Amino acid sequence: MAEKYSWDFQSAKMPPADVLLEMYKKFVLGCPVKDVSVRGKSFSDLGWSGSSFLTFESRMKRAADSLTGSNWRWIEGGSEPLEAELDNAELRDGYTLKKEFAFYNKASRGKVEGMFYLIRNALAHGSFRFHSTKGGEYFAFETRNNGRLRGRALLRISTLRAWQRILTGRI
C-alpha cells in the first residue's frame, strides 16, 4: 500500500535550494496571471489568449502523466463543493504519490489561469510539500483564501517544467 501524506506544511521537507529558486522564479515572480506579478509576462503577452487557452490546456494535459479529466477538476461554488470532490477522490485527509491531480475553485479565473494561480499562491505562502522518490520529484500544493480551502494539487516537477516550456513557446 502506498504511503499517505497529510496536508500539513509546517514540518514539510523543503526542496533543494536550486529547485525552490527555479519554481519561485517561474511560478511566483513570473506568474502569467494578469495583475498578479509585476515581474511576470501575462498569458496574453506570451501569445496565449481567447481560444488558444484550449490548446494550452490540451498541451498541459499531455505533459502530465496522469492529469486527466477526473484528476483535474475545476469546481464551481466555493469550499463545500471542493471538499465534497476531495472526499469522493479520497484526497481530503491526505494523498499518495500514485498519480498527479489538481482540484480547485473556478472563482473568476479560467482553468489554465486558475492552475497557475493555485501553484503561485501555494509557493508564495509556503503551503507546499516536496517529495523525492525513485518515481520522481513532486510538489503537493494547497491554497486557501481567508482560511477557506480554494485548491489542492500534486504535480511532478517534470510536469511543472514542461508547462513552463509550453508557456514560453519552447514546446
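As the structure is a computational prediction, the values presented were derived from the model and not from experiment.
A chain of hydrophobic side-chain contacts below 4.5 Å, direct or via other Ile, Leu, Val, Met, Phe, Trp or Tyr residues, connects Phe27 to Tyr24. Tyr95 and Ile75 fall within the same hydrophobic cluster, where Ile, Leu, Val, Met, Phe, Trp and Tyr residues are linked whenever their side-chain heavy atoms come under 4.5 Å apart, directly or through other members. Tyr5 and Leu118 are members of different hydrophobic clusters when ILVMFWY side chains are connected at heavy-atom separations under 4.5 Å. Linking Ile, Leu, Val, Met, Phe, Trp and Tyr residues whenever their side-chain heavy atoms come within less than 4.5 Å leaves Phe101 and Phe130 in two separate clusters.
Arg120 places a side-chain heavy atom less than 4.5 Å from the side chain of His125. For the pair Met23 and Arg161, the minimum side-chain heavy-atom distance is below 4.5 Å. A heavy-atom distance below 4.5 Å is not found between the side chains of Phe116 and Val36.
Closest non-hydrogen pair, Asn105 versus Gly77, comes out as ND2-C, 4.5 Å. Contact detail for Gly47 and Ser52: the closest heavy-atom pair is O-OG, 3.9 Å. The heavy-atom pair separating Gly151 from Leu82 by the smallest distance is N-CD2, 3.7 Å. Closest of all the heavy-atom pairs between Leu97 and Tyr138 is O-OH, 3.5 Å. Scanning both residues, Phe9 and Trp7, for their nearest heavy atoms gives CE1-O, 3.4 Å. Of all heavy-atom pairs between Leu20 and Met14, the closest is CD2-CE, 3.5 Å.
For the pair Lys111 and Trp72, the cation-pi criterion (under 6.0 Å, within 45° of the ring axis) is fulfilled.
Put simply, the side chain of Ser79 gets close to the backbone of Leu149: a donor and an acceptor are under 3.5 Å apart. Side chain of Ser37 to backbone of Leu29: a donor-acceptor contact under 3.5 angstrom is found. Between the side chain of Arg152 and the backbone N or O of Arg92 there is at least one donor-acceptor pair closer than 3.5 Å. The backbone N or O of Leu54 sits nowhere less than 3.5 Å from a side-chain atom of Ser58 that would complete a donor-acceptor pair. With Arg129 contributing its side chain and Asp8 its backbone, the two residues share a donor-acceptor pair below 3.5 Å.
For the atom pair NZ (Lys98) and CG (Leu154), the distance works out to 12.0 Å, reported to the nearest 0.5 Å. Interatomic distance, OG of Ser70 versus NZ of Lys99, reported as 5.5 Å (0.5 Å rounding). The distance from the CZ atom of Phe141 to the CG atom of Leu123 is 4.5 Å, given to the nearest 0.5 Å. We find the OG1-CD distance between Thr159 and Glu100 to be 3.5 Å, quoted to the nearest 0.5 Å. Here the CG-CE distance, from Leu155 to Met115, works out to 5.5 Å after rounding to the nearest 0.5 Å. Rounded to the nearest 0.5 Å, atoms CD (Glu83) and CG (Leu91) are 13.0 Å apart.
Aromatic pair Tyr104/Tyr117: ring centres not closer than 6.0 Å.
Environment of CD in Glu80: crowded, with over 12 heavy atoms of neighbouring residues, nucleotides or ligands closer than 6.0 Å. Crowding of Lys25 atom NZ: a count of heavy atoms from other residues, nucleotides or ligands under 6.0 Å not exceeding 12.
Note on ring orientation: taking the six-membered ring where Trp is involved, the planes of Phe56 and Trp48 are perpendicular (angle over 60°, cut-offs 30° and 60°). Between Phe139 and Phe128, the ring planes are perpendicular. Angles over 60° get that label, and only those under 30° would be called parallel.
Using a cut-off of 4.0 Å between Lys/Arg side-chain N and Asp/Glu carboxylate O, Lys34 and Glu113 are scored as not salt-bridged.
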